[in-house]
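Single-structure report; data block below.
Numbering starts at 1 and runs along the sequence shown.
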Amino acid sequence: MTKEVHKKMKFSTKVLMKVMIVLCVLFILAGIVLDRGMLFLAFLTAGLYFLYETYAVKDYEYVMEGDDFSIMVIKAKRRRKEAHELNLGELEVLAPNWHDAVAKYRKNGGTVKIHKYDYTSYDPDIPFYTMIITEDRKKIKLLLDLEEDMLLAMKHKYPQKVYLS
C-alpha cells in the first residue's frame, strides 16, 4: 500500500517566495535601466529562490509491504530520499495524537522524551496519528497522515498495538 502526503506550505513560506520573485524582477529592471551590476543580484535572487523551493517544498510517501514500512521524503517534486525503513514488528503503539495510549509521549505533559519526526500535511482537516516504533535500537516518534485502509491493515496485524479511535 502506498500513500502520498502533500505538505501544506506555510503562509510565511508563500510570502517569502513571492518577495524573492518581486526582488528578482526589480533587480532585472534596475539592471537594464540603471546599472548592469544589478543583474548579478537578479541572478543571485533567482538562484536563492530555486534553492529555497528545493528545500521548502516537501511531500511524503508512505509505503507498507507486509511488515516493512518506509517513509520517503520528496523534495521539490523531483528528489526522493528514504527517511525511514521500519519493521512493524518493532511497533510499540499507533494511535490518534489525542489518544491516551500516546499521552506519555506528548510534547507538553508527557513523561517520556524521544526524538520526533513530523511527516504530516499540516492540514487541520486531516487527523494525524502518532507512531512509536524502534529504529536502530532507539525509540522514535513519527507523526503521520495515514489512510483508513493502511490503518485497518495495521490493526489486523497488530490489534493490541493499533488504536483507531
Side-chain angles (χ1 to χ4, degrees), residues 1-24 45-65 67-88 90-136 138-158 161-165:
M1 286 183 219
T2 303
K3 163 125 168 80
E4 192 167 326
V5 176
H6 300 286
K7 185 175 179 182
K8 188 175 176 182
M9 202 179 301
K10 295 179 183 176
F11 177 74
S12 60
T13 302
K14 289 180 185 177
V15 169
L16 182 61
M17 292 178 83
K18 288 180 183 177
V19 166
M20 281 195 258
I21 291 170
V22 168
L23 281 176
C24 186
T45 306
L48 287 174
Y49 173 83
F50 287 111
L51 280 175
Y52 190 74
E53 182 186 37
T54 301
Y55 291 104
V57 177
K58 292 181 186 175
D59 293 331
Y60 307 113
E61 184 178 68
Y62 314 141
V63 179
M64 187 175 102
E65 295 178 16
D67 282 346
D68 295 329
F69 185 79
S70 62
I71 300 170
M72 302 282 219
V73 177
I74 306 165
K75 292 183 180 179
K77 301 190 187 320
R78 291 183 295 257
R79 296 186 180 101
R80 284 179 177 269
K81 182 179 178 190
E82 187 172 294
H84 299 281
E85 179 69 35
L86 305 166
N87 181 4
L88 290 176
E90 304 279 329
L91 179 68
E92 184 175 316
V93 67
L94 175 66
N97 191 47
W98 49 265
H99 199 275
D100 291 337
V102 292
K104 65 181 178 179
Y105 299 105
R106 286 195 188 114
K107 184 176 179 180
N108 297 326
T111 57
V112 179
K113 304 286 185 214
I114 57 176
H115 195 65
K116 175 186 86 167
Y117 298 96
D118 190 350
Y119 299 112
T120 60
S121 62
Y122 291 109
D123 190 348
D125 298 331
I126 299 174
F128 63 94
Y129 290 80
T130 301
M131 176 188 280
I132 308 298
I133 194 165
T134 304
E135 179 184 45
D136 298 330
K138 291 190 305 187
K139 272 188 198 176
I140 60 171
K141 175 181 174 180
L142 300 171
L143 302 179
L144 307 167
D145 289 344
L146 296 171
E147 285 184 340
E148 191 170 335
D149 56 344
M150 199 176 282
L151 283 167
L152 291 175
M154 288 182 190
K155 178 73 174 169
H156 181 59
K157 284 187 177 189
Y158 307 101
K161 298 178 182 182
V162 178
Y163 300 92
L164 299 179
S165 58

Practice problem: Quick one: list whatever passes ring pair (Phe, Tyr, Trp, His ring centres under 6.0 Å) with Tyr119, sequence neighbours left out. | Solution: Tyr60, His84
Quiz prompt | Salt bridge Lys3-Asp149, side-chain N to carboxylate O under 4.0 Å | solution = no
Quiz prompt | Pair Leu88-Lys161, side-chain contact (heavy atoms from CB on, under 4.5 Å): steps then yes or no | solution = CA-CA 10 Å; Leu88 290 176; Lys161 298 178 182 182; over 6 Å; no
Quiz item: Hey, are the side chains of Leu94 and Met154 touching, using non-hydrogen atoms and a 4.5 Å cut-off?
Solution: yes
Quiz item: Looking at Val73 and Ala83, what are the two nearest heavy atoms and their distance?
Solution: CG2-CB, 3.8 Å
Quiz item: Is a donor on one side and an acceptor on the other found under 3.5 Å between the side chain of Arg106 and the backbone of Trp98?
Solution: yes
Quiz item: Given side chains that start at C-beta, do those of Met150 and Tyr129 come closer than 4.5 Å, heavy atoms only?
Solution: no
Quiz item: What is the minimum heavy-atom distance between Tyr163 and Pro96, and which atoms define it?
Solution: O-CD, 3.2 Å
Quiz item: Would you say Glu147 and Met1 make side-chain contact, with heavy atoms under 4.5 Å?
Solution: no
Practice problem: Taking the side chain as every heavy atom from C-beta outward, state whether His115 and Glu135 have any atom pair closer than 4.5 Å. | Solution: no
Quiz item: Atom CG in Leu151, atom CG in Leu146: separation rounded to 0.5 Å?
Solution: 5.0 Å
Quiz prompt | Residues that Tyr122 engages under side chain to side chain donor-acceptor pair (under 3.5 Å), provided they are two or more places apart | solution = Asp118
Self-check item: Any Leu91 side-chain heavy atom under 4.5 Å of Val162 side chain
Solution: yes
Quiz item: Would the number of heavy atoms belonging to other residues, nucleotides or ligands and lying under 6.0 Å from NZ of Lys113 be above 12?
Solution: yes
Quiz item: Between Tyr105 (side chain) and Met131 (backbone), is there a donor-acceptor pair under 3.5 Å?
Solution: no
Quiz item: Is there a side-chain contact between Val112 and Lys141 (heavy atoms, below 4.5 Å)?
Solution: no
Exercise. Compare all side-chain heavy atoms of Met20 with those of Leu16 and state whether any distance is below 4.5 angstrom.
Key: yes
Quiz item: Just checking, any donor-acceptor pair under 3.5 angstrom between side chains of Thr130 and Asn97?
Solution: yes
Quiz item: Does Asp59 have any salt bridge (charged side-chain N to carboxylate O under 4.0 Å, His left out) partners at least two apart in sequence or in another chain, and if so, which?
Solution: Lys77
Quiz item: Closest heavy-atom contact between Ser121 and Ile126?
Solution: OG-CD1, 3.8 Å
Quiz item: Hey, which of Thr134, Ile114, Ile132, Ile133 is the one that makes side-chain contact (heavy atoms from CB on, under 4.5 Å) with Ile140?
Solution: Ile133
Exercise. Using the side-chain contact (heavy atoms from CB on, under 4.5 Å) rule, take Phe128 and Val5 through it: C-alpha gap first, then chi angles, then the decisive distance, then the call.
Key: CA-CA 11 Å; Phe128 63 94; Val5 176; over 6 Å; no
Quiz item: Leu86 versus Leu142: any side-chain heavy-atom pair under 4.5 Å?
Solution: yes
Self-check item: Glu61 CD to Ile74 CD1 distance, which is reported to the nearest 0.5 Å
Solution: 5.0 Å
